[in-house]
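Some notes on the structure that comes next.
Here is how names work: the chains are called A, B, and so on, in the same order as the sequence lines, proteins then strands, and each is numbered from 1.
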Protein chains: 2
Amino acid sequence: MSKQISSVWTREPRPARTPGRSREEIVRATLELLDAEGLDGLSMRKLGARLGSGATTIYWYVENKDELLELAYDHVWGQIALPVPEELGWRDTITTFAHSMRRVMLFHPWVGSLIGRLPALGPNALSMSDRLRKAFALAGFEGLDIDYANAALTAYVFGTVIPEIAWQSSMGGEELDQESMKETFRHVARDFPDLLERLTEINDKVSDTDTLRETSFAFGLTTVLDGLEARLRS
Amino acid sequence: MSKQISSVWTREPRPARTPGRSREEIVRATLELLDAEGLDGLSMRKLGARLGSGATTIYWYVENKDELLELAYDHVWGQIALPVPEELGWRDTITTFAHSMRRVMLFHPWVGSLIGRLPALGPNALSMSDRLRKAFALAGFEGLDIDYANAALTAYVFGTVIPEIAWQSSMGGEELDQESMKETFRHVARDFPDLLERLTEINDKVSDTDTLRETSFAFGLTTVLDGLEARLRS
DNA sequence: ACCTGAACACCGTTCAAGT
DNA sequence: ACCTGAACACCGTTCAAGT
């Protein structure tokens, strides 16, 4: 007795008959709630209220909350720029894509917690995968190497942006007190003088943390792309 | 009025006076529960029961559930191998470290959901950071480039392992039905023939998904390291 | 066919009261 | 100083009952 994958995308949606009550309507309201209040702010009761219905009405259109999140999840992937590799060349395609992906994720921070929690089988996620693989094939990768290159790139973007989201939302729009931050570092890193020196150097040198993170992202992206080129030449 | 960072590591622990009741005891029980039942399986009530106390007793030793998770989190980082860069050379140091990090994370899958949700200011997390930066300094990076290189590497590992954890736990020990899996792909990817071809090629070529993921991880790690070397030469 | 509210089995956290 | 249980304000989901 082996397991089956379970996803909204394997089921046909209920037809929309009642006006203002459909999968699309529900997804729209879900996205509004997620963008406004984050993942913790989304509850079936609140969503019901926003839709002007009972909370349990939603279960007619969707099997459970995770399916709802799958729908919202895929909607976000749909907002990422997907250049055409044949026009732009593989390296610029990937670069444009990666920066766009980062921006979209930072704009919908709740996706960070969904990566690795939900399957990504929606049309937008698949279209993204498809386009990326085409870019890597154009670059010269063959067979499984296409998938490996694809995995390496998306891993880098996910792995960068997920902690960025954390940073962003831990500040919650407010400024982080520079002095108490330094004080915290001094306390927790008291046994690691070299590390402490690096952290304070960053703090002193960089006034704008946004551009610091942007620069760091670009550095790593170049690193991954250079590494892939090295592999193509060998 | 600006914000302050909040973390267990900024507060001194309550002294352990009652036998079998201390921060350490509580962390031990928390880890047991997390490893056994995952993040969703951890509740203050269950933890209390395991400790032979009321659920709310825990609040004497810890401010809230997140602080508890911070403690468990850092414990996991303590299990990662940290080779000495001066002995092994920077590239082998990083390679060993990265593989160890991946193994430890896959063994405690619940850490996946904590990355980017909690600050990593514990001694083990800092010791890891410290050692990694030393390796990159030894490699020849200077100033902020040390931090960028460090960020790129950890991003790659996080970004790879987080989806791996999802995959692993979605199967929950059981075999995934090969046929119904193919069927699902055929259905959801019906508009992406090239992608579908790639997915079925992977399915057919690779019998052992564990080694596939291992190979993919090694490929990406080499990519990142090659990219960093390219940067050092330029 | 679609929607409802009550009910179930949970949560994290607060707090007054106990020893 | 340390521990307790009751209580509060929530959850996601099930289901019998309504239209």
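Taking atom P in both C/dA9 and D/dA9, the straight-line distance is 22 Å, to the nearest Å.
Within 4.0 Å of B/Arg21, counting heavy atoms only, lie sugar-phosphate atoms of the nucleic acid but no base atom. Residue A/Arg17 is in sugar-phosphate contact alone, with no base atom involved, counting any heavy-atom pair closer than 4.0 Å across all strands shown. Across all strands, B/Ser43 comes closer than 4.0 Å only to sugar-phosphate atoms, never to a base (heavy-atom distances). Backbone-only engagement by A/Thr18 is indicated by non-hydrogen atom pairs under 4.0 Å involving sugar-phosphate atoms exclusively.
A salt bridge links A/Lys134 and A/Asp130; the closest N-O separation between the charged side-chain nitrogens and carboxylate oxygens is under 4.0 Å. The residues B/Arg21 and B/Glu25 are annotated as not salt-bridged, no charged nitrogen and carboxylate oxygen being separated by less than 4.0 angstrom.
In this structure, A/Gly54 and B/Leu42 both approach DNA chain C, and ranking their closest nucleotides by distance from the 5' end singles out A/Gly54. Looking at which nucleotide of DNA chain D each of A/Asp66 and B/Gly52 is closest to, the 5′-most match is held by B/Gly52.
Extent of DNA chain C lying under 4.0 Å from chain B heavy atoms, first and last nucleotide in 5' to 3' order, is C/dC11 to C/dT14.
A cation-pi arrangement, defined by a distance under 6.0 Å to the six-membered ring centre and an angle within 45 degrees of its axis, is present between A/Arg102 and A/Phe217.
Judged by distance alone, the side chains of A/Asp40 and A/Trp110 never bring a donor and an acceptor atom under 3.5 Å apart.
Under the Watson-Crick or G-U wobble criterion, with both distances below 3.5 Å, D/dG5 is paired with C/dC15.
Counting only distance, with no hydrogens or angles, the side chain of A/Thr154 and the backbone of A/Asn150 share a donor-acceptor pair below 3.5 Å.
Within 6.0 Å of CD on A/Glu201 lie more than 12 heavy atoms contributed by other residues, nucleotides or ligands.
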